[in-house]
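All values reported here derive from a predicted model rather than from experimental measurement.
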Amino acid sequence: MNRVVPVFLALALLLSSCASRGAAQAEEFFSIGMAFFDLGRFAEAEVWLNRARAADRTMTASEYNLGRIAFETGRFDEAALLFERILRRDPYNVMALRAAAYSRVNNGDFQRAEALYARVLALVPEYADGGFNHALVLYAMGRYEDSEAALNRHPHALEGSAPSLLLLARTKRAQNRIEAVDAYARWVAAVSPATPSPQGLFEFAMVLEDAGFYSRAIEQLDAAIEALTVDTAALQRSTLRFEKARVMLTADPENVEGMYEFNTAVEAGFAGTDAIQELLQDQRVTEANIARIREILSDILARTETPE
């Protein structure tokens, strides 16, 4: 009996030593992986972080950073799964919740993203960025009233925050609320003059036009034209020029500058025949301008007609 005790003690010490070595090895692998991560060498970082995770499967940090690498390299589905695997072990891990939600936004799974952000805000109600992201997801889902409510639950985050104010204005515009005019004005006051958003200015112009503030709408269209230094897939200078011409031709039909702007838009490359056809149906446009617009439309159609 006395011999058995030393044997058990030796075995216990051996197992303890192995466990210590395994933990130390995991820490070493993790440190190497994070060193590669900080250098932006994600492929090598993944190798070492996977070794750390294999050496010690309780290392949530390894899994979390593997998720970060997957996200940084555009593998959003994989990133979400890695973060959600952490949540199965630790459902109250706010960092993993936020990361999983953002990954789901980027892979277009707004339903899961919305549920994840709701869990974040339930755990950390004061988390303003989470409120914005939650509102952004709700907006993308077409739940405009809910999106507005999510933003209003964080009034302190709205103060001076141009992205939050713009999103709030967009929720009001989507609901056809007249308050959208004031909401866009608050956004314009908050946005940096050095980095204006041409798309936001264009939206503000359209809201002002709908409200009957035509001069202010033209001012915002001019601001958008000036701000848009390079055409994008979503917005072109020629489109802004056309919208300015359209407002002038309908709100102030006798103003000769309306047709000048229309010609400028076409010369800049505008060829939206459907939009021009719709303008021709507007009874506020004078007969003389209708005749000239039809001539220009005929020229556009002739240029774009595909030869047989």
Side-chain angles (χ1 to χ4, degrees), residues 162 165-166 169-170 172-174 176-178 180-308:
L165 289 170
L166 180 56
R170 284 171 169 166
K172 293 179 184 294
R173 182 190 182 201
N176 296 314
R177 302 257 299 278
I178 188 62
V181 171
D182 291 335
Y184 274 102
R186 283 180 66 195
W187 165 71
V188 168
V191 75
S192 168
T195 56
S197 163
Q199 181 64 42
L201 294 169
F202 170 60
E203 292 169 16
F204 188 19
M206 296 299 96
V207 166
L208 288 166
E209 182 193 8
D210 289 342
F213 300 119
Y214 303 115
S215 295
R216 289 178 64 191
I218 291 169
E219 288 175 6
Q220 293 305 319
L221 284 167
D222 281 335
I225 291 167
E226 184 178 352
L228 186 65
T229 55
V230 178
D231 285 355
T232 67
L235 196 63
Q236 293 81 44
R237 287 174 66 86
S238 61
T239 300
L240 294 172
R241 289 275 183 194
F242 171 78
E243 291 297 337
K244 181 182 176 183
R246 183 187 58 74
V247 174
M248 297 179 77
L249 288 165
T250 54
D252 189 9
E254 301 302 328
N255 189 332
V256 295
E257 290 185 22
M259 277 309 304
Y260 170 79
E261 284 293 337
F262 186 91
N263 282 310
T264 301
V266 173
E267 288 169 5
F270 184 78
T273 54
D274 289 343
I276 296 173
Q277 291 280 14
E278 186 175 345
L279 177 60
L280 288 170
Q281 302 303 314
D282 196 310
Q283 296 182 355
R284 294 173 293 176
V285 183
T286 66
E287 288 296 327
N289 285 336
I290 285 175
R292 293 162 69 187
I293 291 170
R294 280 181 176 152
E295 290 178 8
I296 296 170
L297 177 60
S298 296
D299 290 341
I300 293 172
L301 292 170
R303 289 199 303 269
T304 57
E305 193 175 75
T306 305
E308 295 184 3

Exercise: identify the closest heavy-atom pair between Phe270 and Ala275: CZ-CB, 4.1 Å
CG-OG1 distance between Asp231 and Thr239, expressed to the nearest 0.5 angstrom: 8.0 Å
Sequence neighbours excluded - salt bridge (Lys or Arg N to Asp or Glu O under 4.0 Å) pairs with any residue from residues 268-282: Asp282-Arg284
Atom pair CD (Glu257) and OG1 (Thr264), whose distance is rounded to the nearest 0.5 Å: 10.0 Å
Atom pair CE/CD of Met248 and Glu243 - distance to nearest 0.5 Å: 13.5 Å
For residues 286-295, dump all side-chain donor-acceptor pairs below 3.5 Å to protein atoms at least two apart in sequence or in another chain.
{"residue": "Thr286", "atom": "OG1", "partner": "Asn289", "partner atom": "N", "Å": "3.2"}
{"residue": "Thr286", "atom": "OG1", "partner": "Asn289", "partner atom": "ND2", "Å": "3.1"}

Please tabulate, for the side chains in residues 204-214, all donor-acceptor contacts under 3.5 angstrom to protein atoms that are two or more places apart in sequence or on a different chain.
{"residue": "Glu209", "atom": "OE1", "partner": "Arg246", "partner atom": "NH2", "Å": "2.7"}
{"residue": "Glu209", "atom": "OE2", "partner": "Arg246", "partner atom": "NH1", "Å": "2.7"}
{"residue": "Glu209", "atom": "OE2", "partner": "Arg246", "partner atom": "NH2", "Å": "3.4"}

Nearest heavy atoms of Gly258 and Leu249, plus distance in Å: C-CD2, 3.8 Å
Expected output: side-chain Asn263 to main-chain Met259 donor-acceptor under 3.5 Å: yes
Rounded distance [0.5 Å steps], CG in Leu240 versus CG in Leu235: 4.5 Å
Atom of Pro198, atom of Ala224 and distance for their closest heavy-atom approach: O-CB, 3.8 Å
Closest non-hydrogen atom pair between Ala169 and Ala180, with its separation: O-CB, 4.2 Å
From Gln220 atom CD to Ser215 atom OG, the distance as rounded to the nearest 0.5 Å: 12.0 Å
Distance-minimising heavy-atom pair for Gln199 and Ala234: OE1-O, 4.3 Å
Side-chain heavy-atom pair Phe262, Leu279 within 4.5 angstrom cut-off: yes
Min side-chain heavy-atom separation Leu280-Leu297 under 4.5 Å: yes
Side chains of Phe242 and Glu261 in contact at under 4.5 Å (non-hydrogen atoms): no
From CD1 (Ile225) to CZ (Arg241), nearest 0.5 Å: 4.5 Å
Asp222 and Lys244 ion-paired at < 4.0 Å: yes
